[in-house]
Student: 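I'd like to ask you about the structure that follows.
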Amino acid sequence: MPTIETLHALLKHELKDLFSAETQIVDALPQMIDMTNNNELKESLKDHLEVTKKQRDRLNEIQDLLGEEKMGSANQGFFANLFKSNEGEEHCKAMEGLIKEGKSLLNEDMSFEVMDAAIIAAAQKIEHYEISSYGTARAYALQLQLKDIAGLLEITLREEYDANDSLTALALSKVNLKADEFANLPVGSNKNSIRKTPPKRSAKAVKQVKKAAPKNISSKKTGSKTKNSNTKRSNQTKSSKKSKARK
Ligand code: FE
Ligand code: ZN
Ligand code: FE
Ligand code: FE
């Protein structure tokens with residue numbers, strides 16, 4: 001593990017960490033997309049998957065500008081691939097944790113409507129981590145007068161803000177509402193009946209839901225209102241003001 005003695009070295013470390021984070025997101029998003037019920041949410045996540053792949057390429061572009069070897073497997077030979085993961089030299093443990101936590105939440109037994117709300121929650125935690133890391137990296141680049149690099153990091157930072165904002169919009173306009181409607185059906189009614197046509201789910205997603213042991217549904221619903229209002233105050237706050245301020 002090389003020593004980090006300068007801000008420049010710290011920037012390099014942050015970029016490698018981000019490369020690992022983006023790689024892990026590229027690997028994890030397809031599964032989340034599979035489990036999504038709401039079409040708008042599905043499209044938004046699919047878009048962000050494509051954006052994420054470009055962000056990873058952009059990190060390699062930055063690495064080029066720094067005169068460093070490219071990160072990750074895309075440009076490495078067979079033997080390099082054999083010994084290195086496709087994440088490069090760093091492994092972002094925070095992203096590993098965020099993804100693990102998200103996956104274990106999504107493996108709970110929940111209705112499709114509540115599942116969509118949980119997917120947004122997991123995705124927004126990921127976006128917030130990225131916003132924080134890209135914001136930091138960009139600040140370092142500006143301090144170090146690396147204007148081109150700061151500019152590239154700014155592009156990604158904006159994309160992460162946009163992804164977070166569209167998730168907030170979807171949560172507040174539709175997904176949280178549907179999840180709450182589901183919870184408010186009278187006890188004992190057939191909760192599946194509120195759905196006119198059964199949503200399509202991939203075999204993988206169905207298997208994952210089945211894997212989770214059946215839980216007492218009524219006890220789980222009790223806390224959902226408090227949880228929703230908490231979410232509105234913290235994660236799902238409109239960040240448009242903040243986005244303007246950061247310019
Ligand atoms: Fe990203
Ligand atoms: Zn490290
Ligand atoms: Fe990290
Ligand atoms: Fe992102």
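Just follow the structure's listing: the first ligand is 1, and inside any ligand the first atom is 1. We count residues from 1, following the sequence as given.
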Student: Do the charged groups of Lys125 and Glu101 touch, with an N to O distance under 4.0 Å?
Tutor: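 Salt bridge: yes.
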Student: So, do Asn60 and Phe19 sit near enough that their side-chain heavy atoms are less than 4.5 Å apart?
Tutor: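 Yes, at least one pair of side-chain atoms sits under 4.5 Å.
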Student: Tell me which N, O or S atom from Asp17 is the closest to the Fe ion (ligand 3).
Tutor: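 Of all N, O or S atoms belonging to Asp17, OD2 is the one nearest the Fe ion (ligand 3).
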Student: Side chains of His8 and Gln143 only: does a donor on one sit below 3.5 Å from an acceptor on the other?
Tutor: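 The criterion, which ignores hydrogens and geometry beyond distance, is not satisfied for Gln143 and His8.
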Student: Do Ser44 and Glu40 get their side chains close enough for a donor-acceptor pair, meaning under 3.5 Å?
Tutor: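 No.
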Student: Using a cut-off of 2.8 Å, find all protein N, O or S atoms closer to the Fe ion (ligand 4) than that distance.
Tutor: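 N, O, S partners closer than 2.8 Å: His48 NE2, Glu127 OE1, Glu127 OE2, Glu130 OE1, Glu160 OE1.
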Student: Check Tyr129 against Leu98 and note the closest heavy-atom contact, atom names and distance.
Tutor: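 Smallest interatomic distance, heavy atoms only, reads CB-CD1, 3.7 Å.
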Student: Would Tyr129 count as a contact for the Fe ion (ligand 3), in the sense that one of its N, O or S atoms lies under 2.8 Å from it?
Tutor: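 Yes - counting backbone and side chain alike, Tyr129 has an N, O or S atom under 2.8 Å.
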Student: Between the side chains of Glu50 and Lys53, is the shortest nitrogen-to-carboxylate-oxygen separation below 4.0 Å, so that they form an ion pair?
Tutor: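 Yes, charged N to carboxylate O under 4.0 Å.
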Student: If only atom types and distance count, is the side chain of Asn107 paired as donor or acceptor with the main-chain N or O of Lys103 below 3.5 Å?
Tutor: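 Pair found, side chain donor or acceptor close to backbone of Lys103.
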